[in-house]
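Heads up, the thing below is written out as structure tokens.
Along the sequence shown, residues are numbered consecutively beginning with 1. All values below come from the heavy atoms of this structure, side chains included, with hydrogens, waters and symmetry mates left out.
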Amino acid sequence: MNCNFILTEWGWTGIAGREAISALVFGHSTQAEAQASLSKALKDRGIYEPLEKNEAFFPEALRACQAYFRGQRVEFTFPVEWSLYTPFQARVLEATKSIPYGQTRTYAQIAAAVGRPQAFRAVGGAEAKNLTPIIIPCHRVVAARGGLG
């Protein structure tokens, strides 16, 4: 599996994947820590392929992360490897990916958007499985009273 890294304002950021981005990590002190974090995230999903550094793997996504961590407004339109999620998780995360910049949604709103209005706790579980934070902005999903869940 391909991986690539960049040093950002928030530490080392890394991505991994094949044709699309499978995982993204940030906030690491070293590139080696970022690579270990990527490996762990993928192993937790049952993917044991070795990571091979490939500077041609989505460098534009890493540059977008770098700009984002500098405080610039960035639209993340990069492809995500949806096959790593259950169908319900993928629907939840696709709905989350569509939340516009500067807006939030509640877990209940996401549940309703995916056709399961009573499944707001399951939405929280799906958000917790997000392997590509920032690209899929799970930080925009909040509890009913406005706080993080």
Side-chain angles (χ1 to χ4, degrees), residues 1-107 109-111 113-116 119-120 122-143 148-149:
M1 181 168 293
N2 294 306
C3 65
N4 198 356
F5 304 92
I6 197 167
L7 184 59
T8 71
E9 301 293 321
W10 286 25
W12 281 94
T13 298
I15 58 172
R18 295 181 194 99
E19 302 295 318
I21 298 172
S22 299
L24 178 142
V25 299
F26 58 89
H28 295 282
S29 299
T30 66
Q31 183 177 323
E33 285 179 13
Q35 185 164 347
S37 182
L38 280 172
S39 290
K40 181 181 180 332
L42 293 166
K43 285 178 184 174
D44 288 350
R45 290 297 171 91
I47 298 172
Y48 295 95
E49 290 180 43
L51 293 176
E52 296 182 23
K53 190 162 187 323
N54 177 354
E55 292 185 7
F57 183 70
F58 283 103
E60 65 278 7
L62 288 173
R63 285 191 296 273
C65 287
Q66 192 172 48
Y68 179 86
F69 292 133
R70 280 191 199 125
Q72 297 173 5
R73 184 174 175 177
V74 176
E75 295 292 328
F76 290 100
T77 58
F78 306 102
V80 172
E81 182 55 56
W82 296 111
S83 67
L84 296 175
Y85 303 100
T86 68
F88 176 76
Q89 290 169 344
R91 285 194 318 272
V92 165
L93 294 173
E94 285 173 344
T96 301
K97 195 171 190 305
S98 72
I99 300 170
Y101 182 85
Q103 295 184 25
T104 61
R105 299 288 185 273
T106 65
Y107 294 103
Q109 287 173 317
I110 297 293
V114 300
R116 302 269 310 273
F120 49 90
V123 166
E127 298 289 352
K129 300 286 186 184
N130 181 7
L131 290 170
T132 55
I134 309 302
I135 293 174
I136 299 175
C138 53
H139 58 281
R140 295 180 188 161
V141 182
V142 296
L148 296 177

> Which distance, rounded to the nearest 0.5 Å, do you find between the OG1 of Thr104 and the NE2 of His139?
Replying inline: 10.5 Å

> With a cut-off of 6.0 Å (strictly less than), are more than 12 heavy atoms of other residues, nucleotides or ligands near CD of Glu19?
Replying inline: no

> Taking atom types as modelled, is there a side-chain donor on Glu75 or Thr77 under 3.5 Å from an acceptor on the other?
Replying inline: no

>> Please give me the minimum heavy-atom distance between Ala126 and Phe88, naming the atom from each residue.
In response: CB-CE2, 4.4 Å

>> Can you confirm whether the side chains of Gln89 and Arg91 place a donor and an acceptor under 3.5 Å from each other?
In response: no

> Which one of Thr13, Val25, Leu38 satisfies the side-chain contact (heavy atoms from CB on, under 4.5 Å) criterion with Phe5?
Replying inline: Leu38

> Is Pro100 close to Arg105 at the side-chain level, that is, under 4.5 Å between some pair of heavy atoms?
Replying inline: yes

> Where the side chain of Glu9 meets the backbone of Gln66, is there a donor-acceptor pair that is under 3.5 Å apart?
Replying inline: no

> Can you tell me how far CD1 of Ile134 sits from OG1 of Thr8, rounded to the nearest 0.5 angstrom?
Replying inline: 9.5 Å

> Heavy-atom distance under 4.5 Å between the side chains of Cys65 and Leu24, does that happen here?
Replying inline: yes

> Between Trp10, Tyr68, Trp12, which is the residue that forms a side-chain contact (heavy atoms from CB on, under 4.5 Å) with Phe26?
Replying inline: Trp10

>> Please determine whether the number of non-hydrogen atoms from other residues, nucleotides or ligands lying under 6.0 Å from atom NZ of Lys129 exceeds 12.
In response: no

>> Quick one, Leu93 and Glu127 - any side-chain contact, counting heavy atoms below 4.5 Å?
In response: yes

> Would Glu55 and Lys53 count as a salt bridge (Lys or Arg N to Asp or Glu O under 4.0 Å) if you check the C-alpha gap in whole Å, the side-chain angles of each, and the deciding distance to 0.1 Å?
Replying inline: CA-CA 6 Å; Glu55 292 185 7; Lys53 190 162 187 323; 3.3 Å; yes

> So which heavy atom on Tyr107 is nearest to which on Ala143, and how close?
Replying inline: CE1-N, 3.6 Å

> Hey, what do you get for CD1 (Ile110) to CD (Glu94), rounding to the nearest 0.5 Å?
Replying inline: 11.5 Å

> With a 4.5 Å heavy-atom cut-off, do Leu51 and Leu42 have their side chains touching?
Replying inline: yes

>> Would the distance check show the side chain of Thr96 and the main-chain N or O of Val92 forming a donor-acceptor pair, the cut-off being under 3.5 Å?
In response: yes

> Is there a side-chain contact between Asn54 and Cys3, using heavy atoms and a 4.5 Å cut-off?
Replying inline: no

> Under 3.5 Å, is there a donor-acceptor pair between the side chain of Glu49 and the main chain of Met1?
Replying inline: yes

> Within a strict 4.5 Å, meaning less than it, do heavy atoms of the Asn4 and Ile6 side chains meet?
Replying inline: no

> Less than 4.5 Å apart, any side-chain heavy atom of Leu62 and any of Phe57?
Replying inline: no

> How long is the gap from OG1 on Thr106 to CZ on Phe120, to the nearest 0.5 Å?
Replying inline: 9.5 Å

> Going by heavy atoms in the side chains, are Ile136 and Leu131 under 4.5 Å from each other?
Replying inline: no

> Which pair of non-hydrogen atoms, one from Phe78 and one from Ile135, has the smallest distance, and what is that distance?
Replying inline: O-CG2, 4.3 Å

> Considering all heavy atoms of both residues, which atom of Gly17 and which atom of Ser22 are nearest to each other, and what is their separation?
Replying inline: CA-OG, 3.4 Å

>> To check you understand the geometry: which heavy-atom pair defines the closest contact between Ala119 and Ala111, and what is its length?
In response: C-CB, 3.9 Å

>> Looking at every heavy atom in both Ala90 and Trp82, which two are closest together, and how far apart are they?
In response: O-CZ3, 3.9 Å

